[in-house]
Amino acid sequence: MTGRGRRVGLTGGIASGKSTVATLLAERGALVVDADVLAREVVEPGTPGLAAVVDRFGPGVLTPDGRLDRAALGRLVFSDDASGAARRDLEAVVHPSVRARAAELEAAADPGQVVVHVIPLLVETGQAGTFDLVVVVDVDEAVQRARLLARGGLDEREADARIAAQASRAERLAAADLVVDNDGDRDDLVRHVDELWARISPS
Ligand SMILES: CC(C)(COP(=O)(O)OP(=O)(O)OC[C@H]1O[C@@H](n2cnc3c(N)ncnc32)[C@H](O)[C@@H]1O)[C@@H](O)C(=O)NCCC(=O)NCCS
Ligand SMILES: Nc1ncnc2c1ncn2[C@@H]1O[C@H](COP(=O)(O)OP(=O)(O)OP(=O)(O)O)[C@@H](O)[C@H]1O
């Protein structure tokens, strides 16, 4: 606990349901700070972040109107023959700006407000110890893969490459103080989030 309120780190594998859980927590009064959202902001046109990405990966990662071509960059950093070096270089550009912006947003929390940081790579980047509580959204691997494919945008190979670039389910669960099971339907998830909120909200 901090004087200001409880700081929660919320993580889970790709397509586990983090954003859905975060939206439900925001509806219940939490301030949500989402690293995926900030990771987009810090590479908007005109930012030093976008300039650094183009410096490293070349103008091929820009769309004709000068925005980041996320699909093209995704293919570069998640291709299954890549060593991971390109992905680490991208993270070295993006993560420091994301953390700085997250700290700014957190400073706007009301006294006592629960702050939920949604961080896909919380475990991978060793941030578990920086929160009062680590909450993991957990899904069975087959459910995760099916939801990821159903969402569209990635083919099977790309989906598997993204899953492989992340911590395993067991590694994530080992860092969890609390687990939100998302194998069921949306009503089940709402019930689990109500139970979670009862445990993390100010009493
Ligand atoms: C490569 C990029 C441009 C692809 O963009 P795209 O729109 O296809 O994906 P998006 O950003 O919406 O991410 C979707 C999901 O992919 C997974 N993912 C994203 N980056 C990474 C990464 N570096 N390692 C492992 N998984 C990742 C996360 O589960 C994330 O929720 C983008 O993912 C990116 O900039 N990644 C590097 C920044 C990063 O590490 N972000 C994650 C948290 S800060
Ligand atoms: N309980 C559920 N039943 C059915 N579909 C679900 C359930 N929970 C989430 N989904 C769907 O699964 C997909 C992934 O959910 P969501 O976007 O919340 O995950 P995420 O962990 O934030 O993903 P990402 O890692 O890509 O940011 C979405 O299409 C969402 O609508």
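In this chain, residues are counted from 1 in sequence order. Note that ligands are numbered from 1 as they come in the structure, with each ligand's atoms numbered from 1 the same way.
- Nearest non-hydrogen protein atom to atom 12 (O) of ligand 1 is Arg40 NH2, 2.8 Å.
- Near Glu91, meaning under 4.0 Å from one of its heavy atoms, ligand 1 places the atoms 22 (C), 23 (N), 24 (N), 40 (O).
- Distances below 4.0 Å separate heavy atoms of Arg151 from the following atoms of ligand 2: 14 (C), 17 (O), 23 (O), 24 (P), 26 (O), 29 (O).
- A salt bridge links Arg101 to Glu104: one of the charged nitrogens lies within less than 4.0 Å of a carboxylate oxygen.
- An N or O contact shorter than 3.5 Å links Gly17 to ligand 2 by distance.
- Salt bridge Arg191/Asp188: present, at least one basic N to carboxylate O contact under 4.0 Å.
- By the 4.5 Å heavy-atom criterion applied to side chains, Arg172 and Asp138 are not counted as neighbours.
- Scanning the protein heavy atoms around atom 15 (C) of ligand 1, the nearest turns out to be Ile14 CD1, 3.6 Å.
- The nearest protein atom to atom 25 (O) of ligand 2, hydrogens excluded, is given as Lys18 NZ, 2.8 Å; this is a heavy-atom distance.
- No N or O atom of Lys18 sits closer than 3.5 Å to an N or O atom of ligand 1.
- Across Leu10, Leu189, Leu154, Asn182, heavy-atom proximity to atom 1 (N) of ligand 2 is greatest for Asn182.
- Of the listed residues (Ala15, Ser19, Gly153, Gly152), the one carrying the non-hydrogen atom nearest atom 14 (C) of ligand 2 is Ala15.
- Within the 4.0 Å heavy-atom cutoff, Gly13 counts among the residues contacting ligand 2.
- Pro120 is listed as a side-chain neighbour of Asp36, based on a closest heavy-atom distance under 4.5 Å.
- For the pair Thr125/Glu91, no side-chain contact is recorded, criterion being any heavy-atom separation below 4.5 Å from C-beta on.
- Those atoms of ligand 1 with a heavy atom of Val77 less than 4.0 angstrom away are 1 (C).
- From the protein, the heavy atom lying nearest to atom 30 (C) of ligand 2 is Arg186 NH2, 3.9 Å.
- Annotation for ligand 1: atoms under 4.0 Å from non-hydrogen atoms of Asp36 are 30 (C), 31 (O), 42 (C), 43 (C).
- Residues Asp140 and Arg169 form a side-chain contact, since some pair of their non-hydrogen atoms from C-beta on lies under 4.5 Å apart.
- Of all protein heavy atoms, the one closest to atom 38 (C) of ligand 1 is Val94 CG1, 3.9 Å.
- Considering only heavy atoms from C-beta on, Leu62 stays 4.5 Å or farther from Asp69 through its side chain.
- Put simply, part of Gly184 is less than 4.0 Å from ligand 2, judged by heavy atoms.
- For Glu124, no heavy-atom contact with ligand 1 is shorter than 4.0 Å.
- Given atom 4 (C) of ligand 2, the protein heavy atom at minimum distance is Arg147 NE, 3.6 Å.
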Side chain to side chain contact (heavy atoms under 4.5 Å, CB included) between Leu24 and Trp197, worked out: CA-CA 9 Å; Leu24 292 166; Trp197 183 246; over 6 Å; no
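- Scanning the protein heavy atoms around atom 21 (C) of ligand 1, the nearest turns out to be Phe78 CZ, 3.5 Å.
- Residues Val180 and Leu189 have side chains in contact (heavy-atom distance under 4.5 Å, counting atoms from C-beta outward).
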Audit row: Leu178, Val8, side chain to side chain contact (heavy atoms under 4.5 Å, CB included) steps and yes/no: CA-CA 10 Å; Leu178 294 173; Val8 175; over 6 Å; no
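- Look at Glu156 and Arg145 and you find a salt bridge, because one of the NZ, NE, NH1 or NH2 atoms lies within 4.0 Å of a carboxylate O, short of that distance.
- Hydrophobic clustering keeps Val135 apart from Phe131 (ILVMFWY residues linked when any side-chain heavy atoms are closer than 4.5 Å, directly or through intermediates).
- Within the 4.5 Å cutoff, no side-chain heavy atoms of Glu158 are placed close to those of Phe78.
- Contact atoms of ligand 2 toward Asp36: 27 (O) (distance under 4.0 Å to a heavy atom of the residue).
- Counting only non-hydrogen atoms, the option in Arg162, His95, Arg75, Arg87 that gets closest to atom 9 (O) of ligand 1 is Arg162.
- For ligand 2, the atoms sitting less than 4.0 Å from at least one non-hydrogen atom of Thr20 are 9 (C), 15 (O), 16 (P), 18 (O), numbered in the order shown with element in parentheses.
- Using a distance-only test at 3.5 Å, with no hydrogens or angles considered, a donor-acceptor pair links the side chain of Asn182 to the main chain of Ser16.
- Shown in contact with Leu121 at under 4.0 Å from a heavy atom are these atoms of ligand 1, numbered in order with element: 22 (C), 23 (N), 24 (N), 25 (C), 26 (N), 40 (O).
- The closest approach between any non-hydrogen atom of Pro120 and ligand 2 is not below 4.0 Å.
- Compare Arg88, Arg70, Gln166 by their heavy atoms: the one nearest to atom 33 (O) of ligand 1 is in Arg70.
- Close approach of ligand 2 to Ile14 (heavy-atom distance below 4.0 Å) involves ligand atoms 25 (O), 26 (O).
- Looking only at side-chain heavy atoms (C-beta outward), Leu196 and Leu25 come within less than 4.5 Å of each other.
- Which parts of ligand 1 touch Leu90 is read off a 4.0 Å heavy-atom cut-off, strictly below it: atoms 1 (C), 34 (C), 35 (O), 36 (N), 37 (C).
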